[in-house]
Amino acid sequence: MSLRQFWDQHVLIPNNRYRKVVKLRAHYGAINCFAVSGGDLLASGGDDQKVHIWNLNLENSIPRQTLQDRHGRWGQITTMLGIDDSIVACPILVFGTGRGALLIYKRPLKQLDFYEACLVHVFDHIDSVESVAYDGNSNHLAIASHSAKLILFRLQRDGALSRVWKNDLTEASLPRMLNFVDQGSRLIVHSLERGKMLYIDVETGTGLPSKRLRTPVGHGDMCLSTKTFVVDNMTTGFDLYDFRHASPIRSYEVPVSRKRVKMVKFGEGSMTVIGGSDHGMVYVFNTRTSELLQVLVHQATFIQTVLTHSTLNEHVIVSGTCDDNKPGEIYIWKKPVRDFDKFLSFHYVDPRY
C-alpha cells in the first residue's frame, strides 16, 4: 500500500471514505466489463474469454464459478449486464462477445450456479457486441455492434429471445452506450467518434431527431431520475449533461496522457461521479460541486472498467485493470452508508443543484 493510499484510507476520516477490502485475481489481460446479479454476486468479463462469478459479501479471492467456452469460440467478453426483476423470475446474466455472440445465463433462486439458457449469434463473427441495455417495462433487450448495427429483442421468461426489429445506424460509429428512456418508448444511442446522441423510436425502430455533443463519448452512465448523463470525453476527464442540452453543465477534470476509453459511472444514488484513468487511479467526485472527494490507487497503469453498487448499509466501487499480457486485477472498495445518506434516500435531492 502506498503512503498516499494509507493516508487516504486510514487517516482522513476512514469511516466516511472508500477502503479497499479485497483484490481479486483470476483474469489474464484486460478486464472489460462488470455486472451485479442478485444483489450479492459480481460478474467480471475480459479478454481471456472468461466470465468469473464472485461473492461481493465475502472477502474471498477465489471465484465461485467460471463461465467459458472450452473450445474458445466466444472471443473476448466485451459487455454485460445483470437483470433482476419480476418478469424474468430469477437472476439473469447477459453478456456479449468479440465474435458477435450474445449469451444469457440464468441462476434459479434455489441454486448456486448459473447455467446457459440461450446463445445467439446476433452479429457476424468479425463484428463484436459493443453495448447492451434492458428495459423492465417492456422486457426489451437492445444490442448494438461495433459496426453500428442495432437489434431489439424481447426477453422471454425462460431466457429465450424473440427479435422485434433490426436497424443499421448510419449516423453512428461505435455505439458505446445504450439507454432506454421515457418508460421504454425511446432508446438513446451514444456514438464514440462523432459524439452523437441518436434517438430511436422503440416501437418502430425508426430514428428521431438527434444531437451532437461537443466531444466524443468514450463511455458513460445515465440517471433517469435527474435526466442527466455523464460521459468520458477522452481529453480532459468527464462531463455532465442534461438530456435537453448538447453542452455540458459541469465537468470533472482528470489528467489524460492518451486518448483511451474509460468507464465513468454515477455512484451513491447519483450523488457522486466515479471513473477510471490511464495512470492507475480511480477518481471520485461530488456530482453537484465537481469537488474531488477521493482518489483510489491501483498498482496498474490503466483502469478502464468500473462499476458502482449501493445497498442499505454500504456503497461499493469495483475497478478493473486493462494492462495487456499481465494478470488482471479487480479491486473492491467499500464505504459505510451514513445515517444522513439514508435520510436522503427517502427525501430525494437533485444532485445537479
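Under a 3.5 Å cut-off, the side chain of T287 and the backbone N or O of T272 do form a donor-acceptor pair. T78 places a side-chain N or O within 3.5 Å of a backbone atom of G96 that can act as its donor or acceptor partner. With hydrogens and angles ignored, the 3.5 Å screen pairs a side-chain donor or acceptor of R64 with a backbone N or O of L112. Using a distance-only test at 3.5 Å, with no hydrogens or angles considered, no donor-acceptor pair links the side chain of D221 to the main chain of V230. Although no hydrogens or angles enter the test, the distance criterion places a donor-acceptor pair under 3.5 Å between the side chain of R250 and the main chain of R288. Between the side chain of K227 and the backbone N or O of R244 there is no donor-acceptor pair closer than 3.5 Å. The backbone N or O of N313 sits less than 3.5 Å from a side-chain atom of T311, completing a donor-acceptor pair. Checking side-chain atoms of N167 against main-chain N and O of G205 turns up a donor-acceptor pair under 3.5 Å.
Of the inter-residue distances, the one linking F266 atom CZ with I274 atom CD1 reads 10.5 Å to the nearest 0.5 angstrom. If you take CD on E130 and CG on L150, they are separated by 12.5 Å, rounding to the nearest 0.5 Å. In this structure, CD1 in I92 is found 9.0 Å from OG in S37, a value given to the nearest 0.5 Å. To the nearest 0.5 Å, atom CD1 of residue I317 and atom CG of residue L307 are 10.0 Å apart. With values rounded to the nearest 0.5 angstrom, D124 atom CG is found 8.5 Å from S147 atom OG. Taking NZ from K262 and CG from N233, the interatomic distance works out to 7.5 Å, rounded to the nearest 0.5 Å.
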Exercise. For ring pair (Phe, Tyr, Trp, His ring centres under 6.0 Å), just list the numbers for F95 and Y105, CA-CA rounded to whole Å, side-chain angles, deciding distance to a tenth of an Å, and then say yes or no.
Key: CA-CA 9 Å; F95 56 94; Y105 275 72; 5.7 Å; yes
Quiz item: Which is it for R214 and S247 under the side-chain hydrogen bond (donor to acceptor under 3.5 Å, both in side chains) test, yes or no, and what are the steps along the way?
Solution: CA-CA 6 Å; R214 287 192 174 183; S247 298; 3.2 Å; yes
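Looking at N55 and D40, their side chains never bring a donor and an acceptor atom within 3.5 Å of each other. A donor-acceptor pair shorter than 3.5 Å cannot be found between the side chains of D182 and S185. A donor-acceptor pair shorter than 3.5 Å cannot be found between the side chains of N286 and E291. A donor-acceptor contact closer than 3.5 angstrom is absent between the side chains of T228 and D242. There is a side-chain donor-acceptor pair under 3.5 Å between H27 and D48. No donor-acceptor contact under 3.5 angstrom links the side chains of Y252 and D239, judged on distance only.
Considering all non-hydrogen atoms of both residues, D127 and S145 come closest at OD2-OG, 2.9 Å. Contact detail for Y283 and P255: the closest heavy-atom pair is OH-CD, 3.6 Å. Smallest separation of non-hydrogen atoms from L187 and V202: N-CG2, 3.7 Å. Nearest heavy atoms, S131 versus L178: OG-CG, 3.4 Å. Scanning both residues, N57 and E314, for their nearest heavy atoms gives OD1-OE2, 4.4 Å. Considering every non-hydrogen atom in both L102 and L141, the closest pair reads CD2-CD2, 3.9 Å.
A salt bridge does not link D278 with R258: none of the charged nitrogens is closer than 4.0 Å to a carboxylate oxygen. K106 and E116 are not joined by a salt bridge, as no carboxylate oxygen comes within less than 4.0 angstrom of a charged side-chain nitrogen.
In the hydrophobic clustering of this structure, I188 groups with L224; members are Ile, Leu, Val, Met, Phe, Trp, Tyr whose side-chain heavy atoms approach within less than 4.5 Å, directly or through other members. Tracing side-chain contacts under 4.5 Å through hydrophobic residues (I, L, V, M, F, W, Y), one reaches V264 starting from V295; they form part of the same cluster.
For the pair R107 and F114, the cation-pi test (distance below 6.0 Å, angle within 45°) is passed.
For F153 and H140, the ring centers are positioned 6.0 Å apart or more. You'll find the ring centres of F302 and H279 outside the 6.0 Å limit.
A side chain to side chain donor-acceptor pair (under 3.5 Å) with K335 is found for one member of Q294, H315, E268 and no other, namely E268. The residue from D69, T97, L103 that alone fulfils the side-chain contact (heavy atoms from CB on, under 4.5 Å) condition with L119 is L103.
Atom CD of Q68 is surrounded by more than 12 heavy atoms from other residues, nucleotides or ligands within 6.0 Å. By the neighbour-count criterion of 12 heavy atoms within 6.0 Å, atom NE2 of H309 is densely surrounded, having more than that number from other residues, nucleotides or ligands.
Between Q156 and S162, the closest side-chain pair of non-hydrogen atoms falls below 4.5 Å.
The salt bridge (Lys or Arg N to Asp or Glu O under 4.0 Å) analysis of residues 21-35, with sequence neighbours excluded, yields the pairs K23-E329, R25-E329.
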